[in-house]
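Inspection log for the structure reproduced underneath, given as structure tokens.
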Amino acid sequence: MIWDLDLLILLLVVSCALAAITVKDLLSATVIFGVYSFLMCLLWAEMGAVDVAFTEATVGAGVSTVLFIAAILHTSRRSKD
Amino acid sequence: MKALALVATLVTGAILLYGTMDFPAFGDPNAPAAVHLSNNYIEQAVAETHVPNLVTAVLGDYRGYDTMFETVVIYCAGLAVVSVLRRSKS
Amino acid sequence: MSYQSSIWPLAAVLISLLGALPILASDRRPNLRESWTILIAFGKVVIVASMLPTVLNGGGFVFTIAEVIPNVPIQLRVDAMGMFFALVASILWLFTSLYSIGYMRALDEHDQTRYFASFAVAISATLGVAFSANLLTLYLFYEMLSLSTYPLVTHHQDAEARTSGRKYLTYILGTSIGFALPAMLITYQLAGTLDFTQGGILAASGADASTLALILVLFIFGFAKAGIMPFHGWLPAAMVAPTPVSSFLHGVAVVKVGVFSILRVIFHIFGPDLLLQVHLGTVITTLASATILIASLVALTQDNLKRRLAYSTIGQLSYMVLGAGMLTAVGMTGGLLHIAMHAFGKITLFFCAGAIYVAAGKKYISQMDGLGKRMPITYLAFFFGSLSIIGMPPFGGFISKWNLATGAIESGQLILLLVLLVSSLLNALYFFPIVYRGFFMPAAEGEPDGIKEAPLFCLIPLSITALCSLGLFFWPGLFLRLARMAVGL
Amino acid sequence: MTTSNLHMYVLAAPLLTALFVNMLGRVSRSYVAPLVLGALGFSTLASLGVLSRVLDQGSYSYTVGNWAPPMGIELIIDPLSALMLVLISSVALLASFSALPMVAKEQAGKEHLFFTLYLILIAGLMGLVMTGDAFNLYVLLEITSITTYGLIAMGKGRAPLASFNYIIMGSIGACFYLLGVGYLYILTGSLNMADIAQILPQLGGDAAMATALCFILVGLWIKMALFPLHGWLPNAYSLAPTGAGLLVAPLMTKVTIYLMVRVMFSIFGADYLFVQNPLVQSGMVWLATAAIICASCLALAQRNLKRMLTYIIIAEVGYMVGGVWLANSTGLSGAILHIVNDALMTLCLFLAAAAIAYRVGSLDFDNLQGLYKRMPITMAAFTVGAFSMIGIPPTAGFFSKWYLILGGIEAGHWEYVVALLFSSLINAILFFRIIAIAYFRKEGDHARLQREEAPLIMQGPLILTAATLIVIGLGSGPLVRGIIKLALPVGF
Amino acid sequence: MEQFLAIIIAKYNYWLYVVLMMIGFYAMIGKRNLVKKLIGMNIFQTAIILMFVSAGAKYGAKIPILNKHEVLEHGVRAAQVVNPLPHVLMLTAIVVSVSVTGVALAILQRIYREYGTLEEDEILEKLGR
Amino acid sequence: MKLLQERTEKQKFGESLIIQTAVRMMVPFIQLFGLYVIVHGHYSPGGGFQGGVILGASFVLLALAFDLRTSVRYMSERVNNTLGNVGVLIYTGVAVLCALFGGLFLDYSALDAIIPLGPIAWRSFGIFLVEVGVGLAVMSIMVSLFWDLGSGGEMDEGL
């Protein structure tokens with residue numbers, strides 16, 4: 001484990017999380033959330049949790065995002081906050 | 001409302017941070033979590049189940065009961081989506 | 001006293017409770033339904049009477065239904081005090097059943113099946129209270145009585161009935177849950193049991209005087225059916241019910257269940273000795289005296305006959321509590337005896353009020369001028385009843401008042417004697433005008449001529465009860481003996 | 001340790017049947033009813049067997065997959081969990097009789113989906129009461145939640161919105177619980193409750209332990225809708241499809257309270273909770289008092305039968321939480337007895353509400369007029385349930401209230417005693433208002449009203465439940481002595 | 001400086017997990033858009049997963065996939081392998097989280113069908129009418 | 001060329017020939033990889049859940065590149081549903097079977113009574129069985145989730 005790489009990714013993750021909940025466009029928020037998940041999965045892989053990382057890559061960054069997008073396409077893209 | 005939410009968040013975060021004071025350091029191989037149960041898994045799982053992927057061994061066998069319900073959870077989710085979203089035929 | 005295990009107490013309680021079922025089932029056949037009613041009432045008297053010899057010989061019966069809380073079973077027990085009350089209630093129920101049939105048929109009331117079924121449940125609860133072996137069982141039947149009388153009070157199902165029903169339940173349920181239940185729980189916590197024991201159960205608990213005073217006041221107000229002021233307001237309100245209900249339930253069963261419960265608490269939970277020791281008798285007598293005087297004064301102002309009787313009842317009920325509060329054996333005997341004497345007198349008065357309503361359709365005293373000439377039997381019975389209540393010899397009321405007065409002197413509280421005398425005077429003041437108007441005032445103009453006596457079904461019971469209150473002066477032996485046994489004389 | 005699998009069959013029957021209901025119910029809806037009733041009937045019988053076995057031979061621990069406890073997942077079958085199993089399966093069986101016609105009416109074409117979720121919810125609840133593993137509890141909690149989300153969202157109108165609120169609150173609750181478990185895991189390295197309980201006192205780490213306790217409890221409180229965290233419950237339970245409400249309302253909060261008891265005494269121990277932190281203990285009794293009083297007052301403001309009942313449920317949660325935190329055996333046995341009684345009382349009232357909804361449609365107070373004439377049997381059973389809620393002997397509610405109040409007196413928490421009495425009075429007002437409305441009629445209705453009872457399949461369980469309330473009331477002595485006293489945690 | 005760094009290294013990802021959890025929690029209770037609430041929920045859950053995975057990490061350890069024959073012959077030193085238990089738990093947690101997300105999204109679509117918006121205040125406004 | 005242009009114009013938003021062709025070619029490989037992940041869960045990262053998600057993702061990919069109807073043509077809703085049920089049934093069935101054959105719940109070694117492979121080998125094989133079940137269930141549910149969320153619940157009315 002390389003702690004400074006960890007820290008760097010963690011900071012990125014935090015900024016992604018902040019962005020995901022502040023962006024007004026829901027589609028962008030969802031995509032940013034996908035990026036967040038992917039960074040998270042990198043972090044976990046780097047901590048030795050390969051299975052969790054694999055799952056998060058397929059679920060968090062993959063299926064979740066797709067489901068979010070599918071739902072947003074059927075509802076509305078805009079968000080007031 | 002937002003102010004209240006912020007206060008609630010900050011309080012929760014503060015309590016959680018207070019709780020981390022007692023935690024063992026990150027990556028400490030002598031932390032309780034690293035010595036109590038997991039050692040048994042690491043040392044015995046392969047011999048007891050013949051599965052080299054420890055995660056699979058623990059997931060499928062030692063904690064198979066959890067995994068069964070995990071499967072049921074996702075099954076329920078699928079059913080719930082169908083039952084919520086579909087309009088009934090009649 | 002030795003108790004033998006027996007099913008009879010349960011049978012006495014259950015006969016009318018289960019009897020409600022055939023009454024409900026014969027909804028569409030009034031004759032069958034009323035035969036059931038009379039049959040059950042008669043059966044009940046027989047069962048109660050069959051237990052009498054054993055009780056008079058110093059024995060008793062006991063039956064445990066279920067053990068619900070450690071040391072507190074739901075248990076029925078027949079002792080002298082319970083027998084005394086059960087005898088009064090079941091005999092008077094027989095008369096009331098007859099009277100109800102006449103009254104309800106004459107007025108062609110709706111929903112008579114519900115009426116008779118609720119009545120049967122109510123009398124079952126009354127006997128349950130009489131035969132309760134402990135406070136929990138008593139509370140159970142007490143609540144059962146409150147709830148089963150609700151349909152009776154609101155029988156007419158109009159706006160007035162709704163308001164009165166609400167008031168009735170608010171007072172009765174509110175006080176029993178708010179005061180009696182916590183008092184019972186504190187008692188249980190202190191004593192570890194709730195059994196009615198001669199000499200009381202709280203004496204051994206070592207509770208201090210203030211706690212005891214709190215429990216006592218909670219109990220007295222908690223059993224609001226006894227109508228101790230300021231929790232008396234439900235009784236005049238409940239007078240919207242049909243008259244048999246008022247006469248039996250609010251002249252005899254319901255109100256006396258309240259008094260009986262208070263008496264049970266004073267005799268068998270606290271015990272007179274403990275109350276004397278911590279000087280709590282005055283609490284009881286003060287409350288009771290105040291209620292007697294205020295209620296008698298209010299009764300003077302009422303024009304509605306049933307409401308006047310209701311306030312009279314409130315006053316009379318406190319006599320019984322007063323007697324118990326004297327904490328002398330004679331006073332307590334008088335208090336207990338007054339349950340029976342007042343019951344016979346008051347039920348006569350209510351029967352008469354109902355008969356007047358059935359025959360003449362009148363509710364207000366001011367309209368009743370000259371009625372006595374047309375309904376002589378009814379008015380004579382009314383006269384007898386009022387004399388008994390006032391406490392004139394040769395009527396039963398005299399005996400209990402005599403005992404009360406003796407008790408007051410014996411306990412050295414002469415002020416109580418004064419209260420008794422003043423209230424007797426007030427009783428006379430609010431009863432005599434009614435009789436006077438009936439016999440000696442000319443009828444108002446434009447009065448229809450067709451008024452005559454009420455139907456026989458009404459007339460016979462009221463004559464019998466009137467004669468009973470006369471007879472009780474000469475032969476009070478049975479009740480006197482039971483009452484003396486109950487207080488341990 | 002034992003090799004008896006009986007309790008596993010109790011759980012497996014609804015779980016497996018759920019799959020068949022989904023597969024076969026798609027083909028023809030006539031398969032649904034026999035499958036559901038058969039599975040639940042089997043579960044009820046088997047759970048009775050489990051209970052009698054536990055009472056006979058003492059409690060036992062069961063290891064799923066035959067791995068010794070801290071390694072594998074341990075199930076604890078003691079008198080308390082066996083009692084809960086009986087309660088869950090019998091309540092579910094009774095509720096499903098009534099749910100079948102309701103679902104056919106409200107969710108035509110979706111019966112198989114509804115009952116699949118319904119059965120899995122029951123299996124989840126059964127799993128919850130047996131588990132002795134902190135993380136397994138989380139998974140099962142999520143199963144029950146996710147099925148409940150789905151069931152509630154199947155309702156009409158505002159139901160999805162209520163369900164979404166429930167999802168957010170429920171997820172916060174579950175996440176908090178998981179956070180607490182995580183803290184415990186980091187501290188002790190174990191997930192087995194008994195194992196954790198053994199390790200915890202040896203650790204110095206008080207901050208993390210307190211945090212874990214705090215988060216686990218808050219998580220469970222959100223799930224059980226303890227007063228300040230109750231916001232999601234009234235809408236969710238009152239807008240849910242009637243069939244779902246029948247199952248969810250009697251069981252969910254009660255099982256969560258059971259979980260709180262389990263977590264409190266199996267993980268943290270009475271000593272840590274009550275002796276070392278007396279301030280927390282009395283604070284909790286005050287919170288429960290506030291819950292009882294506020295929820296009772298809120299119930300007064302409702303104009304719909306079902307909504308009123310939901311607020312009463314919240315008040316009852318206050319009863320039980322307070323009873324548990326009184327820290328004496330009387331209060332605790334009162335709380336456990338009240339779990340049983342309250343489940344049955346709520347079931348009785350909701351069954352009656354379902355029967356009324358089946359005939360009348362709306363449950364607003366204005367529509368209830370003259371119901372005693374129209375549906376006398378339903379209303380009679382409703383009255384019994386109402387009396388039990390008020391606490392009138394000999395119905396069951398009186399006796400649990402008796403123990404709770406007695407516990408309050410014993411512990412010297414008079415505020416709790418007053419709150420219980422106050423809430424009884426409020427309940428009396430609430431129910432007699434309804435009874436009065438249903439007893440009196442509209443002007444001119446006297447002649448028109450005809451008897452029109454709900455179908456027999458809905459009336460049967462209703463009558464049975466009402467009778468059970470009285471039987472349990474009269475039998476509460478043996479129940480407390482024979483089962484609940486045995487079910488109290490060690491040290492009480 | 002050295003000490004300070006040591007403290008940071010020892011606890012930093014517990015701190016950052018708290019930060020992430022706070023972000024998610026705030027979005028769940030403070031944001032008025034329902035989709036945002038859901039995103040917040042997912043962030044909350046990943047934060048918890050991060051905590052668990054951190055708890056299982058060991059410095060200089062291998063991933064928990066061993067060589068069967070080697071282990072059966074020579075055994076394995078526990079300190080050299082990452083703790084697999086938190087991973088197992090978190091797999092379950094991920095599944096739960098995606099399930100809840102799925103159900104919530106379906107309910108969102110129902111809400112949108114009903115009210116035509118996903119803003120909490122607008123929905124409440126419509127309900128008030 | 002003109003034909004191609006016409007076809008491009010007729011295409012709905014987001015559909016492109018290149019992507020469609022690529023997806024058509026990729027899907028079998030994705031599915032193969034998914035199966036590999038399920039089966040090889042004993043020896044490498046992955047297992048039933050991840051493999052199931054990948055299998056499901058292949059159908060989702062089809063649905064994204066073409067439309068939902070195409071993916072339904074590959075696997076009808078009824079089949080999908082049955083697979084999901086069967087998947088969960090395998091897991092719970094194995095669990096109950098263990099109990100029925102005299103062991104404890106989920107004690108795979110009890111299945112030794114059916115085919116004697118040895119208790120430890122049965123543990124390994126039992127894990128494999130349930131992983132397959134999980135894979136089937138997860139694939140089916142993922143597909144169904146996407147169908148329903150992607151169509152707004154209009155599955156029955158021809159998408």
Side-chain angles (χ1 to χ4, degrees), chain A residues 1-4 6-7 9-11 13-24 26-27 29-30 32-34 36-37 39-41 43-60 62-65 67-81, chain E residues 8-9 12-13 16-17 19-20 23-24 26-27 30-36 38-40 42-43 46-47 49-50 52-54 56-65 81-84 86-88 90-91 94-95 97-98 101-102 104-106 108-109 111-113 116-119 121-122:
Chain A
M1 247 175 321
I2 314 135
W3 74 268
D4 33 9
D6 258 13
L7 195 56
I9 300 177
L10 265 173
L11 290 174
V13 161
V14 170
S15 49
C16 274
L18 276 176
I21 68 160
T22 42
V23 169
K24 299 260 193 251
L26 288 180
L27 215 49
T30 312
I32 295 172
F33 175 68
Y36 163 90
S37 291
L39 286 172
M40 217 39 152
C41 117
L43 193 64
W44 294 336
E46 198 258 345
M47 283 183 192
V50 274
D51 277 82
V52 182
F54 193 0
T55 317
E56 179 69 11
T58 51
V59 173
V63 172
S64 265
T65 314
L67 293 184
F68 262 113
I69 290 174
I72 285 170
L73 287 181
H74 274 85
T75 54
S76 120
R77 237 180 111 157
R78 77 191 169 87
S79 155
K80 286 207 290 197
D81 57 3
Chain E
I8 291 182
I9 293 172
Y12 68 92
N13 54 2
L16 283 173
Y17 116 76
V19 171
L20 281 176
I23 294 171
Y26 175 74
K31 291 281 173 184
R32 280 197 290 271
N33 186 291
L34 301 185
V35 179
K36 283 285 173 67
L38 273 190
I39 294 178
N42 275 292
I43 293 176
T46 39
I49 298 171
L50 175 61
F52 268 90
V53 171
S54 308
K58 290 180 198 166
Y59 274 113
K62 296 190 297 185
I63 58 168
I65 296 173
V81 181
V82 173
N83 181 355
H87 303 176
V88 174
M90 287 311 105
L91 280 181
I94 291 175
V95 176
S97 118
V98 72
T101 310
L105 286 172
L108 272 188
Q109 291 199 12
I111 293 175
Y112 190 79
R113 250 191 241 162
T117 174
L118 288 181
E119 300 287 328
D121 42 355
E122 288 175 17

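For clarity, every value in this text was computed on a predicted model and none was experimentally measured. Letters A, B, ... mirror the listed sequences (proteins, then strands); counts begin at 1.
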(request) Report yes or no: does E/Lys62 contribute a side-chain atom to a donor-acceptor pair with the main-chain N or O of A/Gly48 at less than 3.5 Å? (result) no
So which part of [X] gets closer than 4.5 Å to some heavy atom of chain A, the side chain, the backbone, both or neither?
{"X": "E/Ser54", "result": "both"}
{"X": "E/Leu20", "result": "side chain"}
{"X": "E/Ile43", "result": "both"}
{"X": "E/Ile65", "result": "side chain"}
{"X": "E/Gln109", "result": "both"}
{"X": "E/Ile49", "result": "both"}
{"X": "E/Asn83", "result": "neither"}

Shortest non-hydrogen separation from [X] to [Y] and the atoms involved:
{"X": "E/Leu16", "Y": "A/Leu7", "result": "CD1-CD1, 4.0 Å"}
{"X": "E/Tyr112", "Y": "A/Ser76", "result": "CE1-CB, 3.6 Å"}
{"X": "E/Leu91", "Y": "A/Asp51", "result": "CD2-O, 3.9 Å"}
{"X": "E/Lys36", "Y": "A/Ile21", "result": "NZ-O, 3.5 Å"}

Gap separating the [atom1] atom of [X] from the [atom2] atom of [Y], nearest 0.5 angstrom:
{"X": "E/Asn42", "Y": "A/Met40", "atom1": "CG", "atom2": "CE", "answer": "11.0 Å"}
{"X": "E/Leu105", "Y": "A/Leu67", "atom1": "CG", "atom2": "CG", "answer": "6.5 Å"}
{"X": "E/Asn33", "Y": "A/Leu26", "atom1": "CG", "atom2": "CG", "answer": "5.0 Å"}
{"X": "A/Arg78", "Y": "E/Glu119", "atom1": "CZ", "atom2": "CD", "answer": "5.5 Å"}
{"X": "A/Phe68", "Y": "E/Ile39", "atom1": "CZ", "atom2": "CD1", "answer": "5.0 Å"}

(request) Check whether any side-chain heavy atom of A/Trp44 sits under 4.5 Å from a side-chain heavy atom of E/Thr46, and report yes or no. (result)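 Yes, side chains in contact.
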With a 4.5 angstrom heavy-atom cut-off, could you sort out which part of [X] is near chain E: side chain, backbone, both or neither?
{"X": "A/Ala70", "result": "backbone"}
{"X": "A/Val23", "result": "backbone"}
{"X": "A/Val59", "result": "side chain"}

(request) Sort out for me which of E/Leu50, E/Val82, E/Val98, E/Thr101 touches chain A most, counting heavy-atom pairs under 4.5 Å. (result)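 Looking at each of E/Leu50, E/Val82, E/Val98, E/Thr101 in turn, E/Leu50 comes out on top.
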(request) Could I get the full list of side-chain hydrogen bond (donor to acceptor under 3.5 Å, both in side chains) partners for A/Thr65, not counting sequence neighbours? (result)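 Checked A/Thr65 against side-chain hydrogen bond (donor to acceptor under 3.5 Å, both in side chains); zero matches.
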(request) Check ring-ring contact (aromatic ring centres under 6.0 Å, His included) between A/Phe54 and all other residues, then give those that pass, not counting sequence neighbours. (result) none
